[in-house]
Amino acid sequence: VHKLITTCAHCFNAFTRYYPELGGSWEVVPHAVLIDRLLAEGKLAIPDAEREAITFHDPCYLSRHNDVEDEARSVLARVGRVVEMPRNRKQSFCCGAGGGAYWGGEGGTARIGDVRAAEALATGSTTIATACPFCLLMLTAGVGQQGGEARVLDVAEIVAEKLGI
C-alpha cells in the first residue's frame, strides 16, 4: 500500500501522526483533498448548477490539527456559494464527537453539536457541509434539535449529487 484515502478526519490524523511510529509509510489523503485534485485535473467535471449557499464546518482533525483548510472549500465553491461561519478554519468550533461529547453538554445543558449547528444555521445556508462522519452525525443531530431546515451532507455527497450519482 502506497496511498490511503481517508473519509474520516480522525483516521487521517491517526494514519499521519501515529502509524508512522509503528512503521507505516504511505501517503495519506483526505477524501476532500482527493476530490479537489480530481476537479483541478479535469478528471471530474461538475455541470453548472444552482449556486446554493453552503457553509462548511471544519473538522478539528483536518483544520485545527493538520492545517487542511482550503481543499473542501475549493470543491464547494465549484458547486455553490461558500458562506463562512464566524468560527472557521483554525478557529473553528468543535462539533463535539472528537472528545466523545455526543452524550455530554456545554455549560450545563447545551450539547456542543447543538451549539455548532445553531452557528451553521445562522449563516442562512441551505446546506451544511463537512468532511468527517463524526461531524456529520453531530451536525445532523444538532440541526434536528434546532428545528432547522438545512441539509447536512459530506462534501463527497454534495459532489455525487451534482454529478447525478
Side-chain angles (χ1 to χ4, degrees), residues 1-20 23-95 97-98 113 116-117 119-140 142-143 148-165:
V1 175
H2 300 284
K3 184 184 293 188
L4 300 174
I5 310 300
T6 60
T7 58
C8 171
H10 300 253
C11 293
F12 173 74
N13 188 65
F15 280 120
T16 57
R17 293 184 180 262
Y18 305 115
Y19 277 69
S25 176
W26 44 64
E27 177 186 4
V28 185
V29 182
H31 72 296
V33 172
L34 175 66
I35 294 168
D36 185 47
R37 286 181 191 167
L38 294 173
L39 288 167
E41 294 169 0
K43 294 179 180 175
L44 277 180
I46 298 174
D48 288 337
E50 180 185 329
R51 308 290 293 169
E52 69 176 308
I54 303 171
T55 193
F56 181 68
H57 165 76
D58 291 277
C60 294
Y61 283 107
L62 288 183
S63 64
R64 289 180 12 189
H65 297 290
N66 289 293
D67 301 317
V68 178
E69 301 174 345
D70 297 323
E71 293 85 347
R73 286 175 172 80
S74 174
V75 170
L76 296 172
R78 293 174 188 263
V79 300
R81 183 174 46 86
V82 179
V83 179
E84 294 286 1
M85 286 185 261
R87 295 192 268 189
N88 61 69
R89 299 180 184 267
K90 279 288 219 199
Q91 305 304 315
S92 184
F93 187 63
C94 181
C95 74
R116 188 59 169 162
E119 290 179 358
L121 290 168
T123 69
S125 297
T126 55
T127 300
I128 301 166
T130 192
C132 174
F134 290 102
C135 298
L136 190 68
L137 174 70
M138 295 299 289
L139 293 171
T140 299
V143 167
E149 296 292 322
R151 303 179 314 153
V152 183
L153 299 170
D154 187 279
V155 171
E157 290 178 295
I158 294 168
V159 170
E161 182 180 84
K162 300 298 181 184
L163 292 173
I165 298 174

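Computation of the quantities below employed the complete heavy-atom set of this structure, encompassing side-chain atoms and omitting hydrogens, waters and symmetry-equivalent molecules.
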Looking at side-chain heavy atoms only, is the closest gap between [X] and [Y] below 4.5 Å?
X	Y	result
R89	D70	yes
L62	E71	no
E52	R151	yes
F12	L4	no

Which atom names give the shortest non-hydrogen contact between [X] and [Y], and what distance separates them?
X	Y	result
A150	V143	O-CG1, 3.7 Å
H57	F93	CE1-O, 3.1 Å
F134	C8	CE1-SG, 4.0 Å
T123	A120	OG1-O, 2.7 Å
V28	T16	CB-CG2, 3.6 Å
P59	A9	CB-CB, 3.8 Å

Drop me the distance from [X]'s [atom1] to [Y]'s [atom2], to the nearest 0.5 angstrom.
X	Y	atom1	atom2	answer
T140	I128	OG1	CD1	8.0 Å
Q91	N88	CD	CG	8.5 Å
L121	L139	CG	CG	9.0 Å
N13	R64	CG	CZ	12.0 Å
K90	H65	NZ	NE2	8.5 Å
L163	L44	CG	CG	6.0 Å

Is it true that, when you exclude [X] itself, more than 12 heavy atoms of the residues, nucleotides or ligands shown sit nearer than 6.0 Å to its [atom1]?
X	atom1	answer
F15	CZ	yes
E149	CD	no
D67	CG	yes

Please list all pairs meeting salt bridge (Lys or Arg N to Asp or Glu O under 4.0 Å) that have one or both residues in residues 23-34, counting only residues at least two apart or in different chains. K3-E27, E27-R37

Salt bridge (Lys or Arg N to Asp or Glu O under 4.0 Å) contacts touching residues 119-139 (sequence neighbours left out):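 Qualifying pairs: R87-E119, R116-E119.
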
Polar side-chain atom of T126 near backbone of A53 as donor-acceptor pair, under 3.5 Å: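 Yes, the answer is positive, given that a donor and an acceptor are paired below the 3.5 Å cut-off.
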
Donor-acceptor pairs are to be reported for all side-chain atoms of residues 73-86 against protein atoms at under 3.5 Å, with residues two or more places apart or in another chain.
{"from": "R73", "atom 1": "NE", "to": "E84", "atom 2": "OE1", "distance (Å)": "3.4"}
{"from": "R73", "atom 1": "NE", "to": "E84", "atom 2": "OE2", "distance (Å)": "2.6"}
{"from": "R73", "atom 1": "NH1", "to": "D58", "atom 2": "OD1", "distance (Å)": "2.9"}
{"from": "R73", "atom 1": "NH1", "to": "E69", "atom 2": "O", "distance (Å)": "2.7"}
{"from": "R73", "atom 1": "NH2", "to": "D58", "atom 2": "OD1", "distance (Å)": "3.4"}
{"from": "R73", "atom 1": "NH2", "to": "D58", "atom 2": "OD2", "distance (Å)": "2.6"}
{"from": "R73", "atom 1": "NH2", "to": "E84", "atom 2": "OE1", "distance (Å)": "3.1"}
{"from": "S74", "atom 1": "OG", "to": "D36", "atom 2": "OD1", "distance (Å)": "2.7"}

V159 and side chain to side chain contact (heavy atoms under 4.5 Å, CB included): which partner among L153, D154, I35? I35

